[in-house]
Amino acid sequence: MLTLILAQVTTLDPACPGAQAVLVGGGRVLAVGAREDLTALAPRAEVLDHRDLLLTPGLCDAHTHLVMYGASLSQLDVQGVRSVGEVRSRLRERAARTPAGEWIVGGGFLLSEMGLSGYPTAADLDAVSPDHPVLLHSRDHHMLWVNSRALALAGIHDQTPDPEGGHIVRPLGCLQETAQALVADLVPAPGEAEWLAHARAGAQDLAARGFVATHTMAFEPSAAPRALQTLAARGELPLRVWACLPHDRLAQAHDLGLARGAGGLFQWGGVKFFADGALGSRTAWLHAPGFADGSGTGIALDSPELMLERGREALKLGLTPVTHAIGDRANTEVLNVYEQLRPEAEAQGIRLRIEHAQHLRPQDLPRFRGLSASVQPIHLQGDAAMIRGLLPQGEVTSFAFRSLKEAGATLAFGSDAPVAPPSVQANFAAAVTRLGDDGLPLAPHEALTPGEVLWAYTRGPALAAGWNDEGWIRPGARAAFTLWDELGGAARALVL
């Protein structure tokens, strides 16, 4: 069946930037042009009249942890709390309706938003949760805040040594980076039905917000992508998904013959590394002098040597090396590795990819030429005040969207859900206005236009994933669109 869509069409195809109509059939765009021409071409086509709306290529959130996000929708939400007391209040309410002994899991807190200069403790939670082990993720998921019952179950005490790549904060209560696993591994794993429910919830939530695709970034149990694959096989996946494999599962990928390739709505595309932690948890890896509060220079995670060795293995499979790097030192080290991987990647037409790229040295910006910079404008809103306080020396080149674009990087916008909500409106506002939650602008010279934001939300992610049939409206492209009242406002997906 043929469908004719009438709308104010923005194609992002340089050969035909605007149009009045799009003809679709078999899930593909067949023609783009003037209303009269396409009506004459297909006079019996079903007509969808959206002439009062803007039609663009479908949105793609280029950085989610999709199944974890689905799970978070039913967990204890402490996003935006302004004090330890507010956390206690929400926890008390959840504990009152949770059977004794069951875990209470949640997250979303930010130390700076709670007005803390240090770290909260287990004792801060114990009074309202004596009968439940409690685990709360920081907003960036690089730190846990747990109560004494959770610590006791994990056998953690004042003399417990730090694991490699992690830190147990004293007084006890917070666990950073790899130390999180000491408690997190004790939480009962969901069963298959629960994983499917989480995957479905996350995918459906994104689709309802106007997204037609996402890139999911590992940092989840292996059951999470399996659930997405199951939904895809059943025809129940409402999004196209480009998935990353953790680098420590790369040997299994090789044994299974896993390689890049489009196979329905789910595909493996990347191999994920972590160069450092995050700003809010004080674990981003920084050049000296480090954090202005004297808390150090952060934590280095995957070594450059490991990234180089396994990055080469990934490229041999046709998979994209994808590296989390937030601090300026982390970005420098990843760029050093990528300079060595660049010839092999370019030979295969693969864009090496850095996730976040939040804090950069000016001399490193030109080195992003030809790379994908997968960035999340929404983080600017919550981080702006923190940057001014913790990283004043890096304020000018934090969230350097325009500089990255002008350096020749491919911008791909995302949210990092569940770290931040996958809000199209918030991401547009952050990239265009550069205003933090404190109402003050951060490096306003790095602002983008709404049209540039749209490109980074559509064509940019498609290029980062190697999808030539996504992110623009032209013959042969996937018939997956987003409808808008106005650009950056209310959005809904239209997939035919």
Side-chain angles (χ1 to χ4, degrees), residues 63 65 68 105-112 116 118-122 134-146 150-151 154-158 160-187 217-221 244 246-249 271-287 290-291 293-307 310 322-334 337 354-359 376 379 383 386 390-391 416 418-420:
H63 188 119
H65 305 276
M68 186 192 303
V105 176
F109 70 90
L110 197 62
L111 298 181
S112 60
L116 299 177
Y119 295 91
T121 67
V134 177
L135 179 157
L136 301 177
H137 294 276
S138 63
R139 187 176 303 173
D140 53 36
H141 281 253
H142 289 264
M143 184 173 72
L144 293 182
W145 179 13
V146 299
L151 289 168
I156 297 173
H157 50 77
D158 283 327
T160 302
D162 289 340
E164 183 178 355
H167 178 55
I168 301 171
V169 177
R170 273 83 173 181
L172 295 177
C174 286
L175 308 167
Q176 296 175 316
E177 301 304 339
T178 61
Q180 296 178 96
L182 299 175
V183 171
D185 287 351
L186 300 178
V187 179
M217 290 286 119
F219 202 51
E220 297 178 308
C244 288
H247 70 76
D248 57 4
R249 295 183 204 156
V271 173
K272 184 73 180 293
F273 301 89
F274 282 85
D276 69 341
L279 182 68
S281 297
R282 315 295 195 271
T283 58
W285 190 15
L286 302 175
H287 286 286
F291 292 105
D293 65 355
S295 56
T297 55
I299 296 179
L301 296 178
D302 296 331
S303 71
E305 294 76 18
L306 181 147
M307 288 189 281
R310 294 190 179 173
V322 174
T323 308
H324 166 117
I326 285 183
D328 54 7
R329 175 72 184 276
N331 278 278
T332 297
E333 297 293 340
V334 174
V337 171
I354 294 182
E355 302 302 306
H356 310 303
Q358 274 186 207
H359 312 292
Q376 300 77 43
H379 289 338
D383 285 5
M386 257 196 309
L390 288 174
L391 204 62
D416 205 7
V419 175

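Side chains included, hydrogens not; waters and symmetry mates left out as well; all remaining heavy atoms used. All residue numbers refer to positions in the sequence shown, counting from 1.
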Check: L136 and L144 side chains under 4.5 Å, non-hydrogen atoms | no
Quick one: does E355's side chain get under 4.5 Å of T323's, heavy atoms only?
-> no
Does the gap between the ring centers of H141 and H65 come in under 6.0 Å?
-> no
Taking every heavy atom of E220 against every heavy atom of R249, the minimum-distance pair comes out as O-NH2, 3.1 Å
Is any side-chain heavy atom of F219 closer than 4.5 Å to a side-chain heavy atom of M217?
-> no
Quick one: does I326's side chain get under 4.5 Å of D140's, heavy atoms only?
-> no
Are any non-hydrogen side-chain atoms of L111 and Y119 less than 4.5 angstrom apart?
-> yes
Flag side-chain contact, heavy atom, 4.5 Å: L301 against I299 = yes
Spacing of L110 atom CG and D383 atom CG [to the nearest 0.5 Å] | 7.0 Å
Check: H142 ring centre within less than 6.0 Å of H324 ring centre = yes
Hey, mind stepping through L279 and F291 against side-chain contact (heavy atoms from CB on, under 4.5 Å) and telling me if it holds?
-> CA-CA 9 Å; L279 182 68; F291 292 105; 3.5 Å; yes
Using a strict 4.0 Å threshold on nitrogen-to-oxygen distance, state whether R310 and D302 make a salt bridge.
-> no
So, for I168 and A179, which heavy atoms are closest and what is the spacing to 0.1 Å?
-> CG1-CB, 4.2 Å
Residue set satisfying side-chain hydrogen bond (donor to acceptor under 3.5 Å, both in side chains) with T121, at least two apart, ordered chain then number -> D124
R170/D162 ion pair, N-O < 4.0 Å = yes
